[in-house]
Amino acid sequence: MAYATRPRRTTVVLAAVSLGIMALTACNGGGEKDTADSSAAATPSAAGADKGSGESSTAGPGDGAKADGDTADSGGSTPQASEPAAGDGQDGGVGMCETADLSYNVTVASKPVNHALLTATNKGSASCLLPANELVITIPGLDGAAEHAGPEGKDWILKSGETAYAGIMFSRADTAGGKSAEKVEIALTPSESPATVPINDGPVTVNDGQVTSFFGTAEDALTY
């Protein structure tokens, strides 16, 4: 009976050892699985970080242009003054010409008939802005000021010593009669006191009165 018992004890021992090995293997497998799960959970975060880093470092042409534009805007925020351009209508700070600033001469013209040429010269030492279309001519013997004739001109800077021209018509060729006049009254604007100017080669017969705007040449002034 003793001999038969030893194999059973050996079998029991072997079975216990086998169970221990299986339990140890199961524990190791669970640990490896937990480690793998932890690594897998950490991997997306790293990938997300890499993805975010890649997006921030890759700027499109529009983003780069905007950044450059912001820098340019901040650097160019202070406007620079510009000087008046020639012919843009700005007077550059020059004051308006007044009636007393100019000297005047009125001379009967050979052509056209019944006309006279008015010359206005800047007698001052400084330039002034000449109002081209506000000229007021009053002819003694006629009621009111002479009417405007011809196209309107443009105000321009009249330098010291420079001359502007206007045409004056005293009477119409188709109108008979009239009054004799030896002088005219001239003002650059309606609000100013006029200067009285004699008519060279006068007197003239007056039955109507018209005046042009100021022009740069006598030829243009006598065209209308």
Next on the checklist: Within the structure provided, determine whether T138 and P194 are in side-chain contact (heavy-atom separation under 4.5 Å).
Outcome noted: no

Checklist entry - Do the ring planes of W156 and F214 sit parallel (below 30°), tilted (30 to 60°) or perpendicular (above 60°)? => result perpendicular

Item to check | H148 side chain reached by S213 side chain, heavy atoms, under 4.5 Å | outcome: yes

Checklist entry - Side chains of L188 and E134: does their closest heavy-atom pair fall under 4.5 Å? => result no

Item to check | D201 (side chain) donor-acceptor with T107 (main chain) under 3.5 angstrom | outcome: no

Item to check | Atom pair OG1/NZ of T205 and K179 - distance to nearest 0.5 Å | outcome: 12.5 Å

Next on the checklist: Counting C-beta onward and ignoring hydrogens, is there a side-chain heavy-atom pair between Y104 and T99 closer than 4.5 Å?
Outcome noted: yes

Item to check | Same apolar cluster: V206 and V211, side chain cutoff 4.5 Å | outcome: yes

Checklist entry - How about E147: does its CD atom have over 12 heavy atoms from other parts shown lying under 6.0 Å from it? => result no

Item to check | Cluster check V204, V184: I/L/V/M/F/W/Y, side chain < 4.5 angstrom | outcome: yes

Checklist entry - Are side-chain heavy atoms of I186 and V136 found at a separation under 4.5 Å? => result no

Next on the checklist: Any non-hydrogen side-chain atom of S171 less than 4.5 Å from a side-chain atom of N114?
Outcome noted: yes

Checklist entry - Rounded to the nearest 0.5 Å, how far does CD of E98 lie from OG1 of T189? => result 8.5 Å

Item to check | CD on E192 to SG on C97, rounded to 0.5 Å | outcome: 9.5 Å

Item to check | L130 vs I157 side-chain heavy atoms within contact, under 4.5 Å | outcome: no

Checklist outcome for this item: Rounding to 0.5 Å, atoms OG1 (T212) and CG (L118) come to a distance of 8.0 Å

Item to check | Residues D220 and T217: side-chain donor-acceptor under 3.5 angstrom | outcome: yes

Checklist entry - Can you get from I137 to V197 by hopping between Ile, Leu, Val, Met, Phe, Trp and Tyr side chains that sit under 4.5 Å apart? => result yes

Checklist entry - Just checking, is any N or O donor in the side chain of N200 or N105 under 3.5 Å from an acceptor N or O on the other one? => result yes

Item to check | Minimum-distance pair of heavy atoms, taken over all atoms of P203 and S180 | outcome: CB-OG, 3.4 Å

Checklist entry - Do you know the tightest heavy-atom contact between A116 and V106? => result CB-CG1, 3.9 Å

Item to check | Heavy-atom closest pair, residues C128 and N122 | outcome: SG-ND2, 3.9 Å

Checklist entry - Say you draw a straight line from OG of S127 to CG of D101; how long is it, rounded to the nearest 0.5 Å? => result 11.5 Å

Item to check | I139 reachable from I199 in the ILVMFWY side-chain graph, under 4.5 Å edges | outcome: yes

Checklist entry - Should L158 and L135 be regarded as members of a common hydrophobic cluster, given that ILVMFWY residues are connected when their side-chain heavy atoms come within less than 4.5 Å of each other, either directly or indirectly? => result yes

Item to check | Minimal non-hydrogen separation, A109 against L222, with atom names | outcome: CB-CD1, 4.1 Å

Next on the checklist: Within the structure provided, determine whether T121 and L102 are in side-chain contact (heavy-atom separation under 4.5 Å).
Outcome noted: no

Item to check | E162 atom CD, over 12 foreign heavy atoms within 6.0 Å | outcome: yes

